[in-house]
Student: 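This is the structure I want to talk about, given as structure tokens.
A quick note: this is a predicted structure, and the numbers were derived from the prediction, not measured. We use all heavy atoms of the structure for the numbers below, so side chains are in, but hydrogens, waters and symmetry mates are not.
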Amino acid sequence: MSKKPAIGMIGIGLMGHGIAWNIAHAGYALTLLDHPGNQPVDDLKAMGATSAGSIAEVTRAAEVIVLCVTGSPQVEAILAGPGGVIENLRPGTVVVDCSTALPESSARMAAAIQAAGGEFLDAAMTRLPQHARAGTLNLLIGGEAALLERLRPLLETFSENITHIGGVGAGHLMKLMHNYVSLGFIALLAEVAAHGEKAGLSMQTLVEVLNQGGGGGAALQRISPFLLNGDPSSVPFYISNAAKDLGYYNQAATASGVERGIAGAVSTILDRIVAEGHGQDYVPQLAALLKK
């Protein structure tokens, strides 16, 4: 794309707000869907972003539509539902889905977008809201390599690393694998911390011992502020979203016919914690919630 395309964005939540801020900061014309789930958008409007009251209005204003919503049901409703993107799509419009989604759903949505004259790229994200705001997300891309190259200048406004995984849905599958590993590590550490605390062990000593051996790494760094100081904000990610992501991973693993015993166990624990009313707690708080 020789000139900066007009961007429409749907989903200005914890991750989406940072993405939108970087897109606007880079000088792209940006139209946002007004939605009660949005973070405050005054700073975005101060940079020239406008808001729209309907998906149709966003679609008509955009050459590229960026989605950053909770999961596949929301993506499918936005794209294929009444008054949605597909009904209002202009030929040549590109949909970039940064949500966490099921690969088979992405494949169906991509086919529907293409049948309507548009193009589709999955651009699943890793890292956290603070990285979205800093413009240092990792993007896992599924779709045509040529389309990725056309969109690279836009994607680089909010990312540090862009990896082309494969065809449509491959980015979302890799994201599910990544989140299973990342969240699984944190869940394992939380369970060990709960045991250690019940046994009267020092959390400081536990963290030091794990860091000195095979338990060190990014997951320990992220949960340590909660273990040591009770601060869960290093991973501002809801347990309900973690449970959803693990559920998606289990669905994908089942569809592929691969072993998922460990994933199933982690998913069971997360689902139980959500059922007990703690879905809106942050993931590091598992260490407290798993104490018996």
Side-chain angles (χ1 to χ4, degrees), residues 8-11 13 15-16 19 55 59 62 64-81 84-86 89 92-127 132 137-152 154-156 158-159 161-184 237 241-260 263-264 266-267:
M9 188 158 177
I10 299 174
M15 296 293 285
I19 292 172
I55 295 170
T59 305
V64 178
I65 299 169
V66 178
L67 307 183
C68 188
V69 296
T70 302
S72 289
Q74 292 77 20
V75 172
E76 293 190 10
I78 290 164
L79 295 181
V85 168
I86 291 171
L89 195 73
T93 300
V94 181
V95 174
V96 178
D97 185 12
C98 294
S99 313
T100 301
L102 286 163
E104 60 89 17
S105 172
S106 299
R108 284 190 288 105
M109 291 299 98
I113 291 288
Q114 289 162 2
E119 297 180 274
F120 183 95
L121 202 70
D122 42 292
M125 309 170 290
T126 69
R127 294 188 169 169
L137 291 172
N138 297 322
L139 296 183
L140 309 174
I141 305 298
E144 293 293 333
L147 180 57
L148 165 59
E149 292 311 310
R150 283 170 49 205
L151 293 179
R152 186 176 291 273
L154 169 65
L155 301 177
E156 285 180 341
F158 56 89
S159 67
N161 300 299
I162 299 174
T163 305
H164 186 220
I165 306 300
V168 167
H172 283 145
L173 177 59
M174 186 66 80
K175 166 67 178 289
L176 298 180
M177 291 178 172
H178 170 277
N179 276 22
Y180 164 42
V181 172
S182 177
L183 295 167
F237 192 71
N241 283 338
K244 179 261 299 179
D245 287 4
L246 263 291
Y248 279 5
Y249 176 82
N250 276 281
Q251 287 184 56
T254 298
S256 295
V258 299
E259 178 60 52
R260 60 174 191 86
V266 177
S267 194

Student: Rounded to the nearest 0.5 Å, what separation is found between the OH atom of Y180 and the CG atom of L246?
Tutor: 8.0 Å
Student: Let me know which of I141, I162, V64 forms a side chain to side chain contact (heavy atoms under 4.5 Å, CB included) with L151.
Tutor: V64
Student: Measuring only between side-chain heavy atoms, which start at C-beta, is C68 closer than 4.5 Å to I19?
Tutor: yes
Student: To the nearest 0.5 Å, how far apart are CE in M177 and CD1 in I165?
Tutor: 10.0 Å
Student: So which heavy atom on P103 is nearest to which on L176, and how close?
Tutor: CD-CD1, 3.9 Å
Student: Indicate the atoms forming the closest heavy-atom contact of N250 with R260, along with that distance.
Tutor: OD1-NH1, 2.8 Å
Student: Starting from the C-alpha separation in whole Å, work towards a yes-or-no answer on side chain to side chain contact (heavy atoms under 4.5 Å, CB included) for V181 and H178.
Tutor: CA-CA 5 Å; V181 172; H178 170 277; over 6 Å; no
Student: Which atom pair, heavy atoms only, marks the closest approach of F120 to L147?
Tutor: O-CD2, 3.7 Å
Student: For the CZ atom of R108 and the CD atom of E76, what is their distance to the nearest 0.5 Å?
Tutor: 4.0 Å
Student: Rounded to the nearest 0.5 Å, how far apart are CG of D97 and CE of M109?
Tutor: 10.5 Å
Student: Which heavy atom of M15 sits nearest to which heavy atom of R127, and what is that distance?
Tutor: CE-O, 3.8 Å
Student: Looking at every non-hydrogen atom in both residues, tell me the closest pair between L121 and G143 and how far apart they are.
Tutor: CD1-CA, 3.9 Å
Student: Using a 3.5 Å distance criterion without hydrogens, assess whether the side chain of D122 forms a donor-acceptor pair with backbone atoms of G169.
Tutor: yes
Student: Quick check: do T163 and M174 have side-chain heavy atoms less than 4.5 Å from each other?
Tutor: no
Student: Would you say that L183 contacts V266 through its side chain, given a criterion of any heavy-atom pair below 4.5 Å between the two side chains?
Tutor: no
Student: Which distance, rounded to the nearest 0.5 Å, do you find between the CG of N179 and the OG1 of T126?
Tutor: 8.0 Å
Student: Can you tell me how far CD1 of I65 sits from CG of L79, rounded to the nearest 0.5 angstrom?
Tutor: 8.0 Å
Student: Counting heavy atoms not belonging to E144, are there more than 12 under 6.0 Å from its CD?
Tutor: no
Student: Between S72 and L102, which heavy-atom pair has the shortest distance, and what is it?
Tutor: OG-N, 2.8 Å
